Amino acid sequence: MVKKMINFKAIEKKWQGKWEKGKAFVAKDNVKGKKKFYVLEQYPYPSGSGLHMGHAFIYTIGDIFARFKRMQGYNVMHPMGFDSFGLPAENAAIKNKSHPRKFTDEAIKNFIKQMKGFGLSYDWDRMLKSHDPAYYKWDQWIFLKMLESGLAYRKKAGVNFCPKCNTVLANEQVVDGKCWRHEDTNVEVKQLEQWFLKTTDYADELLSGLDKLDEWPEMIKTLQRNWIGKSEGTEVDFEVGDEKKISNAIIIHGFAASGREETINERHWLTWIKDKLERKGIKTFVPLMPHVSTPKYNEWKAELEKLNKQIDERSILIGHSAGGAFLLRWLSETNKKINKLILVAPGGKHKKAYKVLNSGLYDFNLNAKIKDNVDEISIFISNDEVHRIENAEKYARDLGAKLIRLDERGHFLDRQMGTKEFPELLNEIVSGKKWKVFTTRVDTLFGATFLVVSAQHPELMSLVTSDRKREVEAFLKKVKSTKDEDRDRMNKEGVFTGSYAKHPLTGERIPIWTGNFVVSDYGSGIVMGVPAHDARDWDFAKKYGLKIKQVIEGDVSKEAYVVYGKLINSEGFSGLSSEEAKEHITIALNEKGLGRKKVAYKLRDWLISRQRFWGTPIPIIYCDNCGIQPVREKDLPVKLPENIKFQGVENPLKGNNNFVNVKCWKCGKMGRRETDTMDTFVDSSWYFLRYLDSKNKNKIFEKKKADYWMPIDLYIGGKEHATMHDIYFRFYTKFLSDLGLVSVREPAKRLFTQGFIYGEDGKKMSKSLGNVIVPEIAAKKYGVDGVRLFLVSVAGPDKDFSWSEEGAQGSLRFVLKVWDYFSDLKLGKSSKKLEHYVNKGIRTIGIDIENMKYNLAVIKLRELFGVIEKEGAGKKDLESFLKMFGLFCPHIAEELWSKIGGKGFVSLSTWPEFDEKKIDDKIEEADKALEKTVNDIGQILKLVEGKGGKAEKIYLYVLPQELKSYDENALGEKMGLKVKVYAVNDKNKYDPSGKSGKVKPGRPGIYVE
RNA sequence: GCGGGGGUGCCGGAGUGGUCAAACGGGCUGGACUCAAGAUCCAGUGUGCUUAGUGCCUACCUAGGUUCGAAUCCUAGUCCCCGCACCA
C-alpha cells in the first residue's frame, strides 16, 4: 500500500545535479571501440512562454532512445540548441520598444532551466543558438558559397504586402488572405526583387534519394514526392508573331565620345543588320544623328522625324545605348504608334553617362504613353555589363517589356562581341517569338486548338494586340483583385490576347488566350489547350466557343472528352497509341528544333528574403559602380546592430545608416547593404552539423568530426515539416557534401515524426480554451518521471493523443508502486518462473524500444513488475528492471539504483542481456492455466453459495504431468479454503461425483464440497 | 480532383492468418479497508443459451470472397482524418 507521496522535486534535483557534475551525457568524438549513435530532436524556437507539453513529449521520445543506445554501449551524440531567430521575439521587441535579443536570451535561459529540470540527457557543451553571430556567420558563409555556385540568385517575385502596414509580410503573417494586424485588409501580391536558393537544382536527387530512406515514414516520403512533383513531358515551341506586319525598321545608334561621327553607322552590327533585313524585304533606316559626341534631344528628334512618313504601326524602332533612351523620350511624347521597340543595352540616368546626361535624351518618364504607342518592347542586356542590369530590369518592369539577357556582349560593341554579327537581334526582329509550352500529353498536339498564357506571365503584355488591350487589362485587374480564398472556387476564365501562334507541325494559326487558371511559375506558364482530351480545356473551349478537334479514338459525345487511346487526325502519327505517339512526336519536333524532352517539377526555388530584422542578414552589398557585390568572407559575420529603433513594423535595418552604409570593398565607394534577412529555415538547415564541432571558430565544422557522427541515426520532429525543413535540410546536406565538407548525401538515416498532444477535451491546447497543461506544473503533481511515463504510455509516440489527468494518475500509481516496493525491499531468490519473465521482458522490451513502440514497452514493464511483486526477485533481476525502468523514469530509477547498491549511474550502466535458455513459455502457459482454474473455482463457489450451500474443501484432479503446476497451499491461500490436488491416475483420490473424468490438458476437474 | 492514412469493446489504444471475447491503461459496477471521504487493494465489465467451471452463439465499419481457419489477406462500398491543390 502506498503510504506517502515521493518528494519528486528533491530526487530530481539531486540526480540532475549529479549527472551534470559527472558529465554523464557529454559526447566524445571518435571514441575507439564504440559505435557512434546520433539522436537528434528538432531544436525549438525559444518562445517566451517556455516549454510546452509538445516539447516535453518530443524530447522525452528522443531522450528514451538516447539513454537506450547509451546503455547498449554506443557512443551517443544527443545535443540541443535553439532556433532563436524569428518573429515572436521581434514582435515583442516592437511592442516593448526593446531589442529582440533581450527577449530571446531570456527565453533561452528559461528553456534551458526547464529542459534540465526534465531530466533530458543532453550534451549541453555543444549547445548552439542561431541568433549567435558565431553561428549565423556560417549561414552567411554558406550563402556566399551558394552564390559562387550559382545556387543563390536574385529574382523578382510576388510577395505578400499589407497596404496598411506599408510593408511586406511573412507568409505566417497572412491569415486567410488578410493581414494579421488588419483583419479587414486584404494582403496584396507585390512584385519585388528577392533572393532565392535554387533547390530545383537538386530536385532530382531530392526525389530519387527518398527511395533509399527506408527508415523514413512512408507518409513523409509521399508528401515530399508530391511536393517535388516530377513530371516528364515535352517542351514545344510555338512561334508567335507575324512578319507581314512589319514594313520597316529604324535603328538609332548611341553616343560616341570620340566623335568620328561620319563613320558611326559603319560600326558594329548596324550595317550587318541592315543588310540582313533588307534582304528580307524590310526597309531599314540607319539615320546618322547629329553631333554624336555632344547630342541634343531636339536635334535628334528633328533628324528622326524626317522619317515621319515611314513610321507607322508596322515599324520597328531599335535603339542602341543612348539611342534607346532617345527613343524612349520620343515615344513618351509623340502620338505615333509603332509595332515594336527594341532597346539594346539602353542607357539610364547613370553616372557613367555623364556627358549625355545634359543632352535631354534622358529626360523622360516611363509613362503610359510609351506602352500605348508600342505593341511590344524587348530589351537586350549583357550579363557582364553589370552596372546596366538594374536599370534594364527597371525598364522591363515598368514597361512590361521582355528582357533578353545574353552573356559576354559587354555594351554590344563589336570589339566586345568579337563580331559584327548579332543574330539574336535579327531573330527578335524578323521571326515571331517562340513561346515554350510544356506538356505531358504531346500525343495530343494535333488537337491543340488554342494556347493559354498565365495571367501572371511577365511577358503576357507583349502578346496583347492594341485592340485587345483594354479587355485584357480589365481581366487582369479582376484576377488580381480576387481574394485568395475565392480563388479555389473561381471559374476558369480568360480573354483573347489578339495574337496567334503557329502550330509547330501543322502550321495552323491558333489563338492565344490568357487565363486565370494557368500557373505562371510551373512549366513555362503557358499551356496548350486540347479540349477534346482534357476536362479543363473542354470546359474552357465550351465556354468561349473555341474549336474542339478530336485526335484520339473514342466517343467524345459520350464522355465529353477521351483521355487515352489510338491517335486519329494526326497526320503521319495517326494509328499510334498515346504512348507511342508521345515518343514519335517528340522526335519529330526535335528534328525541326521545335521541341524537346523536358522534365518539369512542382518544386519551386526557395525564397529566403524576409523583410524582417530578427534573422540572419543576407551578406550582400549594392554598389552603384560594381553592382551586386557579395561581402568578403573575411568580413563575415555581417552582424545585426544592437542600436536599433523600431518604427511600426518596418524593418529597422532599413533606416539604420550605420548598418546600411558600407564601403564597397571593390571600388571603395559607398554602397548599401542588403537589409533583408534570411528565412529562419535557413538556420535550421544545417545546425545538426554545427553541433558536431560547435565551437570551431575557423571553420564551419571539421570534416573528420562530421564524417564520424553523420548521418543522424535517429531524427525526431513534427510531421508539419514534411515539405519544408525536411526538404531544406536534405538540400543543404547535398550542397555541403558537394562542397566536400561532409561525405553523406542524406542527413538523417531514420526519421520519426511524433504525434500531436491535445488537451483533455480533445481540442488543441490553447490559453483561450483553458485546456493547456504545462509540463512544469504537471511535474509537480506527477513528478517528471510520472509525466514522462504517461507521455509514452497512452499510444505509440507517432500517434496523436489527448492529455488525461486520469491517465497521468495511472502512470503515477505505477511509479509509486515501484517506489514502495523498493522502499520496503526484501531481496528474494529469483525463481525459474521469475527468470523466465525477466528474460522475456528484456528481450521484448528491447525490441519495442528499438521500434519506438514505447507504449508496448511500458505495458511489458508493468507486467514484469507485477510478477516481481508477486514472486519476489533477486538483486540482479531488480537491477535489470531498474535499468529498463530508468529509460522512462530516470530520476526514480537512479534513486532506487543507489538504494540497492548499484554502482555508478543506472543511466550509464549496460543494458541487461537476456538468456534465451531461461525463457520457457511453458511456465507462462502453466500460469495461465492456473489462473483459469482459480477463476473456474471462483465461479463454482459463487454458484454454490448462490444456492445457499457452503463450500469447505476443494478437490482438484489434474493430469500427472501438470501436478507440480498446482500448489495446494498457494491455491488454498488464494481461495481461502482448503485445497487438495490429485493426479487423475491416483488410485486413492477422493472423487465422489467423477469430476476427474472431465480433465483436459490445462483444465483440471474440480469438485467442491 | 490527386495522393496518403484510418474505422477494434463505455473511452484511449494493442493486435496484421490460428494460441482472440481481444493486451495494457482509464472509466464504470461490486467488495475489502475506513466513523466517513480520498487513496489503496480485490473481483467483475459483449449477448443469449448451457454447465456447479471447462461448451455453444454473436461480435473488430458494411457486403461479398480466399482459406481447414480472418479483426488480420482480396474485392466492392461507406464514413472519417491529413497533405497538395486549376501543375498542363
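Every value quoted in this text rests on a predicted model; they were computed, and no experiment measured them.
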Discussion item. Does anything in residues 852-864 of chain A come within less than 4.0 Å of RNA chain B? Heavy atoms only, and list the residues if so.
Written reply: Lys853(A), Leu856(A), Ile859(A), Arg862(A), Glu863(A)

Worksheet entry | Sorted by number, the residues of residues 529-537 of chain A with heavy-atom contact under 4.0 Å to RNA chain B | Arg536(A)

Does [X] have its ring centroid less than 6.0 Å away from the ring centroid of [Y]?
| X | Y | result |
| --- | --- | --- |
| Phe888(A) | Phe814(A) | no |
| Tyr955(A) | Tyr990(A) | yes |
| Phe517(A) | Phe540(A) | yes |

Span that lies between the [atom1] atom of [M] and that of [N], in whole angstrom:
| N | M | atom1 | answer |
| --- | --- | --- | --- |
| G15(B) | C61(B) | P | 16 Å |
| G25(B) | A52(B) | C1' | 34 Å |
| U16(B) | C74(B) | P | 15 Å |
| G7(B) | A63(B) | C1' | 16 Å |
| C57(B) | C49(B) | C1' | 8 Å |
| U45(B) | U34(B) | P | 28 Å |
| G9(B) | A76(B) | P | 25 Å |
| U62(B) | U8(B) | C1' | 15 Å |

Using whole Å, report how far [atom1] of [X] lies from [atom2] of [N].
| X | N | atom1 | atom2 | value |
| --- | --- | --- | --- | --- |
| Lys799(A) | G25(B) | NZ | C1' | 15 Å |
| Asp443(A) | A88(B) | CG | P | 13 Å |
| Phe756(A) | C82(B) | CZ | P | 12 Å |
| Ile6(A) | U40(B) | CD1 | P | 13 Å |
| Asp539(A) | A88(B) | CG | C1' | 14 Å |
| Met724(A) | G83(B) | CE | C1' | 12 Å |

Worksheet item: Counting only heavy atoms not in Lys780(A), do more than 12 fall under 6.0 Å of its NZ?
Response: no

Discussion item. When you compare the side chains of Gln456(A) and Ser454(A), does any donor N or O come within less than 3.5 Å of an acceptor on the partner?
Written reply: yes

Worksheet entry | With Phe57(A), the ring pair (Phe, Tyr, Trp, His ring centres under 6.0 Å) member among Phe756(A), Phe801(A), Tyr854(A), Trp803(A) | Phe801(A)

Worksheet item: When we call it a touch if two heavy atoms are under 4.0 Å apart, what does Val452(A) touch: a base, just sugar-phosphate, or nothing?
Response: nothing

Discussion item. Regarding Thr723(A), tell me which of base, sugar-phosphate or nothing describes its non-hydrogen contacts under 4.0 Å with the strands shown.
Written reply: nothing

Tell me, please, which residues at least two apart from [X] pass ring pair (Phe, Tyr, Trp, His ring centres under 6.0 Å).
| X | result |
| --- | --- |
| Tyr564(A) | none |
| Phe752(A) | none |
| Tyr728(A) | Trp606(A), Phe681(A) |

Atom pairs under 3.5 Å: protein N/O with N/O of nucleotides 2-12 of chain B:
residue	atom	partner	partner atom	Å
G3(B)	O2'	Asn226(A)	ND2	3.4

